[in-house]
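Structure first, then comments.
The model shown is predicted, which means the values in this text are computed figures rather than measured ones. All chains are named by letter (A, B, ...) in the order of the sequence lines, taking the proteins before the strands, and each is independently numbered beginning at 1.
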2 protein chains.
Amino acid sequence: MDFINHLTSNNIKPSLQRLRIFEYLYNSAEHPTVDTIYSDLVSAIPTLSKTTVYNTLKLFIDNGITSTLTIEENEVRYDAIMEEHAHFKCDTCGHIYDVEIDISTLKFKKIKSFKVETTNIYLNGKCNKCLTN
Amino acid sequence: MDFINHLTSNNIKPSLQRLRIFEYLYNSAEHPTVDTIYSDLVSAIPTLSKTTVYNTLKLFIDNGITSTLTIEENEVRYDAIMEEHAHFKCDTCGHIYDVEIDISTLKFKKIKSFKVETTNIYLNGKCNKCLTN
DNA sequence: TATAAAATTGTAATGATTACAAATTTAGAA
DNA sequence: TTCTAAATTTGTAATCATTACAATTTTATA
Ligand SMILES: [Mn+2]
Ligand SMILES: [Mn+2]
Ligand SMILES: [Zn+2]
Ligand SMILES: [Zn+2]
């Protein structure tokens, strides 16, 4: 993944902050919150402001290279993987897993006349790690 | 629907406030927010406090007769229909529709070893009303 | 270099939710 | 019925994530 090119080709000027934030988000499997992103990056960018993290994520979202996850109310999480997938949150360890899903298998009744643009699927339960412990 | 019996059989003493809040929620198709619930009921119960609305909804959730909807971040919505169904939010008119869905048709890859306990499905798009206008 | 635009930063404001203690209501014993 | 304790409701203050906004810094370009 060429991050500079990815930002540039999505009309985002690749400043240091934007690059680091996107790299972090893309490489993290954690679907981090703003606080986590800020905490983990502030040592590498000592001048970083939390406002910049908010601003930057909003920019990413507006330009279609990041999406939000509200699997749990009161905590917004961010995801730089834009390919269609669902999310599974383990009630025990709290980890959020990506789940591959074929949305075409979803059979809705009675909404043929609606135009569905996005589909969000959130699962809760116990992951295999927690089940075998 | 016998509301008093519904509350009682779920270990909730049916006070006036609890009854009115549950009735309102059950009869509303709007998936209302705390603010809407409070605003719409305060004329009928002039002493009603917003804290009571929060407390009561938490009680309903803990006792399994209400669930939350976080289809949009920054606004929590409530639903007294506990039968499995998905939600569709129209981007144009903002209305949230119930959508019948057969979750058994969902085909996940690679999570056979996970134990899925709840499934939340949120759709966004345009409803037929807004499409034909 | 000089200037304007863009980006970043820090602080204050907002708004939803929660904490908590006081007031009121309810239920049961005497 | 009257008294007392528990349950419920209420109002206010605290918390915390997010947003607004103005000041500062950086970048681009003439
Ligand atoms: Mn993901
Ligand atoms: Mn519903
Ligand atoms: Zn787990
Ligand atoms: Zn509509």
Side-chain angles (χ1 to χ4, degrees), chain A residues 3-4 7-8 10-25 30-63 65-79 94, chain B residues 3-4 7-8 10-25 30-63 65-79 94:
Chain A
F3 291 113
I4 291 183
L7 294 187
T8 304
N10 282 280
N11 304 311
I12 297 170
K13 201 177 298 180
S15 70
L16 174 72
Q17 288 86 343
R18 290 169 178 175
L19 257 178
R20 289 289 179 281
I21 291 172
F22 191 81
E23 284 170 6
Y24 177 86
L25 193 58
E30 303 296 320
H31 305 90
T33 62
V34 163
D35 267 324
T36 308
I37 297 170
Y38 174 78
S39 305
D40 287 353
L41 289 180
V42 72
S43 54
I45 314 172
T47 61
L48 185 64
S49 156
K50 203 175 281 185
T51 300
T52 298
V53 180
Y54 277 107
N55 291 342
T56 302
L57 290 169
K58 182 181 185 324
L59 182 72
F60 290 171
I61 291 164
D62 290 346
N63 290 66
I65 63 170
T66 293
S67 61
T68 59
L69 230 73
T70 50
I71 190 164
E72 209 75 41
E73 67 221 46
N74 77 38
E75 59 170 25
V76 179
R77 291 168 171 277
Y78 296 85
D79 197 341
Chain B
F3 291 111
I4 290 182
L7 295 186
T8 305
N10 283 281
N11 304 311
I12 297 169
K13 202 177 298 181
S15 70
L16 174 71
Q17 288 86 344
R18 290 168 178 176
L19 256 178
R20 290 287 180 280
I21 292 172
F22 191 82
E23 285 170 6
Y24 177 86
L25 193 58
E30 303 297 320
H31 305 89
T33 62
V34 162
D35 267 325
T36 307
I37 297 170
Y38 174 77
S39 304
D40 286 353
L41 289 180
V42 72
S43 53
I45 314 172
T47 61
L48 186 64
S49 157
K50 203 175 281 187
T51 301
T52 298
V53 179
Y54 277 107
N55 290 343
T56 302
L57 290 168
K58 182 180 187 323
L59 182 72
F60 290 170
I61 290 164
D62 290 346
N63 290 66
I65 63 169
T66 292
S67 61
T68 59
L69 230 72
T70 48
I71 191 165
E72 208 76 40
E73 68 220 47
N74 78 38
E75 60 171 23
V76 179
R77 291 168 172 276
Y78 297 85
D79 197 340

- Query: Can you tell me how far C1' of D:dA7 sits from CG of B:L59, to the nearest Å?
  - Reply: 12 Å
- Query: Do B:Y78 and B:L69 come close enough that some side-chain heavy atom pair is under 4.5 Å?
  - Reply: no
- Message: Can you give me the bend angle of the helix from C:dT1-D:dA30 to C:dA30-D:dT1? Use the axis through the first five pairs and the one through the last five, nearest 10 degrees.
- Response: 10°
- With distance as the sole test, does B:R18 use its side chain to make a donor-acceptor pair with the main-chain N or O of B:K13 at under 3.5 Å? yes
- Item | B:L48 CG to B:D40 CG distance, which is reported to the nearest 0.5 Å | 11.0 Å
- Message: Checking side-chain polar atoms at under 3.5 Å, does B:T36 have a donor or acceptor matched by the opposite partner on B:S39?
- Response: no
- Any side-chain heavy atom of A:I37 within less than 4.5 Å of one from A:L57? yes
- Message: Using whole Å, what does the distance between atom P of nucleotide D:dA17 and atom OH of A:Y78 come to?
- Response: 12 Å
- Task: Scan nucleotides 6-13 of chain C nucleotide by nucleotide, 5' to 3', and note B when protein non-hydrogen atoms come under 4.0 Å of the base, S if they reach only the sugar-phosphate, - if neither.
- Result: SSSBBB--
- Starting at atom CD of A:E73, determine the distance to atom P of D:dT18, rounded to an integer number of angstrom. 13 Å
- Item | Euclidean distance, atom CG of residue B:D62 to atom P of C:dT18 [Å, nearest integer] | 11 Å
- Student check: side-chain heavy atoms of A:F60 and A:L7 closer than 4.5 Å: yes
- Could you list all the side chain to side chain donor-acceptor pair (under 3.5 Å) pairs where at least one residue sits in residues 44-55 of chain B, not counting sequence neighbours? B:D35-B:K50
- Note on the structure: note: B:L57, atom CG; C:dA16, atom P; distance rounded to Å ~ 15 Å
- Note on the structure: note: B:Y54, atom OH; C:dT18, atom P; distance rounded to Å ~ 7 Å
- Message: I need the CD-C1' distance between A:E75 and D:dA17, as an integer number of Å.
- Response: 12 Å
- Message: For A:I4, is the CD1 atom crowded, meaning more than 12 foreign heavy atoms sit under 6.0 Å from it?
- Response: no
- Separation of D:dT9 atom C1' from B:R20 atom CZ, nearest Å, is 16 Å
- Compare every heavy atom of A:V76 with every heavy atom of B:E73, then report the nearest pair and how far apart it is. CB-CG2, 4.0 Å
